[in-house]
2 protein chains.
Amino acid sequence: MKARAAAAAARPAGDDGNRRGDILAAAGRLFREKGFKATTTRDIAAAVGMRSGSPFYHFKSKHDMLLAVMLDGIRTIHDSVEAAAAGIADPRQRFAVMARAHMQALLGPGGRDFAAAVLHETRALEPAAAAEVGARKGAYELLWSELLGELQAAGALRGDLALTRLLILGALNWTTQWWDPAGEAGPAAIADQLTLLVLGDLP
Amino acid sequence: MKARAAAAAARPAGDDGNRRGDILAAAGRLFREKGFKATTTRDIAAAVGMRSGSPFYHFKSKHDMLLAVMLDGIRTIHDSVEAAAAGIADPRQRFAVMARAHMQALLGPGGRDFAAAVLHETRALEPAAAAEVGARKGAYELLWSELLGELQAAGALRGDLALTRLLILGALNWTTQWWDPAGEAGPAAIADQLTLLVLGDLP
DNA sequence: CCTACCGATCGGTAGG
DNA sequence: CCTACCGATCGGTAGG
């Protein structure tokens, strides 16, 4: 503790000058653009103005960077969707609001790169990391399972709920493959179109 | 032509003993399981019982293998969905049939590995190959655009058609990320659930 | 956080 | 299709 305090003496506690955060942001962007395997730690270092060996002062390994990016991505989406849904009792209204929050976290400037890693790089994780990511994803998806259960009870949905959840989240998550930030449709418009498709109208 | 005929003299024309096809099948499976970048040409060679340099007797490069896998995947899906839709005038019935055909081509034993490459490895293509793949994907998606136009004219859909097509195909294509061949729901059941979600009932 | 470096791996090729 | 190999690249480390 003393030794570590000395190294960070010139800065407030818990703040490493944000170099760690810079690396994560660059890694997230590069992972999304080129994929985890095709991104080199040298790419990441160059993106933040470091030499090739320096990212390893902040992260034990490239896999550790990926895990950090993914956990950040899941937390952003979970927190933002949970906050948006809080206090909305009507399941149809909650669906519309949660779809919008999911899309804004998925495509918005803050979380886009992190979310993309969550959705497309699970394969690259080592077993222990995959288990942790899987558990956190499962916790988030519970929000949707509960909602869909209420919608079915209200007569707004038919059929298998687990399958329905996978199809709905699939439609939303697939947007990371085609969405263009310069295009006409923004996150909210996409979410609303999905709500229209699933519920028949906007609540 | 004469020179090529000599090399294949011992076999029927157009048949190279299926070694080329073996390589493509192994490459498709490995690309799906590990991704293009994480699959080595040595992995592919080993999977068909060859030495490391031998796949390059059949393909000019690893990128060429990927392109061949992807074009095969698009052709399989396009042909099979087009054949299934032929002669079905009612758009609601055609939707159900096309969704089933799409899912069977996407997850079935014949095309699963090839389709996964189409959906997840576009990033790895070189520009010229990406243009060709993009054009063929566009030709396939026209089948869906026409169908959705008819559905909207019949009052079964509302809102933006391009967005709706992307969401519907997204829901279907995302299945490659979670579908388990050993699970309960098969391709047809998944397709039917999507039809239920979009049309409100099964036509 | 940099310098200098290592061991391993990889796509691809020459020549047979 | 194999043998033998090359040049480049990559994740990671020691020492400062």
Side-chain angles (χ1 to χ4, degrees), chain A residues 3-11 15-28 30-31 33-69 117 121 123-126 128-129, chain B residues 3-11 15-28 30-31 33-69 117 121 123-126 128-129:
Chain A
R4 199 182 281 201
R11 305 191 196 93
D15 180 354
D16 57 1
N18 211 27
R19 294 308 276 156
R20 189 188 147 97
D22 293 344
I23 292 173
L24 277 190
L30 289 163
F31 291 163
E33 289 172 0
K34 313 172 43 163
F36 175 75
K37 253 286 180 178
T39 299
T40 71
T41 56
R42 281 163 171 84
D43 291 336
I44 297 168
V48 296
M50 284 179 181
R51 301 299 183 128
S52 68
S54 301
F56 296 100
Y57 171 77
H58 296 277
F59 292 91
K60 209 184 69 206
S61 69
K62 189 186 174 190
H63 278 101
D64 262 30
M65 295 180 201
L66 176 61
L67 178 59
V69 166
E121 299 297 349
R123 225 169 16 187
L125 290 172
E126 285 145 352
Chain B
R4 196 181 282 199
R11 305 190 197 94
D15 180 355
D16 57 2
N18 211 27
R19 294 308 274 158
R20 189 188 147 96
D22 293 344
I23 292 173
L24 276 190
L30 289 163
F31 291 162
E33 289 172 359
K34 313 171 44 161
F36 175 75
K37 253 286 180 178
T39 299
T40 70
T41 56
R42 283 163 170 83
D43 291 336
I44 297 169
V48 297
M50 284 178 180
R51 300 299 182 128
S52 69
S54 300
F56 296 100
Y57 171 77
H58 297 276
F59 292 91
K60 207 183 72 206
S61 70
K62 189 187 174 191
H63 279 100
D64 262 31
M65 296 180 201
L66 176 60
L67 178 59
V69 166
E121 300 297 350
R123 227 168 16 187
L125 290 171
E126 286 144 353

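Chain letters run A, B, ... following the sequence lines, proteins first, then strands; residues in each count from 1. What you see below is based on every heavy atom in this structure, not just the backbone, and it leaves out hydrogens, waters and symmetry mates. Every value quoted in this text rests on a predicted model; they were computed, and no experiment measured them.
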Hits for side-chain contact (heavy atoms from CB on, under 4.5 Å) against A:A47, two or more places apart or cross-chain, chain-then-number order -> A:A26, A:R29, A:L30
Distance (rounded to the nearest 0.5 Å) between A:F59 CZ and A:L24 CG: 3.5 Å
Measure from CD1 on A:I44 to C1' on D:dG12 and round the result to the nearest Å. 13 Å
What are the two closest non-hydrogen atoms of A:T39 and A:G35, and how far apart are they? OG1-O, 2.7 Å
Among C:dC2, D:dT3, D:dC1, find the nucleotide with the atom closest to the side chain of B:R51. D:dT3
Checking B:F36 now: which residues fulfil ring-ring contact (aromatic ring centres under 6.0 Å, His included) with it, not counting sequence neighbours? B:F31, B:H63
Pairs under 3.5 angstrom, nitrogen or oxygen only, protein versus nucleotides 14-16 of chain C, please.
none

Distances for protein N/O vs nucleotides 8-11 of chain D N/O pairs under 3.5 angstrom?
from   : atom 1 : to    : atom 2 : distance (Å)
D:dG11 : OP1    : A:T39 : O      : 3.4
D:dG11 : OP1    : A:K62 : NZ     : 2.9
D:dG11 : OP2    : A:T41 : N      : 2.9
D:dG11 : OP2    : A:T41 : OG1    : 3.1
D:dG11 : N7     : A:R42 : NH1    : 2.7
D:dG11 : O6     : A:R42 : NH2    : 3.2

Spacing of B:M65 atom CE relative to C:dG12 atom C1', expressed in whole Å: 10 Å
Taking Watson-Crick and G-U wobble contacts under 3.5 angstrom, with | marking pairs to another strand and [ ] crossing pairs, the secondary structure of DNA chain C is written ||||||||||||||||
How close do B:R19 and B:V48 get, counting heavy atoms only, and between which atoms? NH2-O, 2.7 Å
Could I get the full list of side-chain contact (heavy atoms from CB on, under 4.5 Å) partners for B:A45, not counting sequence neighbours? B:M50, B:P55
Whole-Å distance, A:Y57 OH to C:dC2 P, equals 11 Å
Closest approach of A:A68 to A:R20 (non-hydrogen atoms, all atoms of both residues): CB-NH2, 4.3 Å
With salt bridge (charged side-chain N to carboxylate O under 4.0 Å, His left out) as the rule and sequence neighbours excluded, what pairs involving residues 50-62 of chain B come up? none
I need the full list of salt bridge (charged side-chain N to carboxylate O under 4.0 Å, His left out) pairs touching residues 37-48 of chain B, with sequence neighbours left out, sorted by first then second residue. B:K34-B:D43
From CZ of B:R19 across to C1' of D:dC2 the rounded distance in Å is 13 Å
Look at the side chain of B:S54 and decide which nucleotide, out of D:dC1, C:dC1, C:dG12, has an atom nearest to it. D:dC1
Could you measure the distance from the CD1 atom of A:I44 to the NE2 atom of A:H58? Nearest 0.5 Å is fine. 12.5 Å
Considering residues at least two apart in sequence or located in another chain, which fulfil the salt bridge (Lys or Arg N to Asp or Glu O under 4.0 Å) criterion with A:E126? none
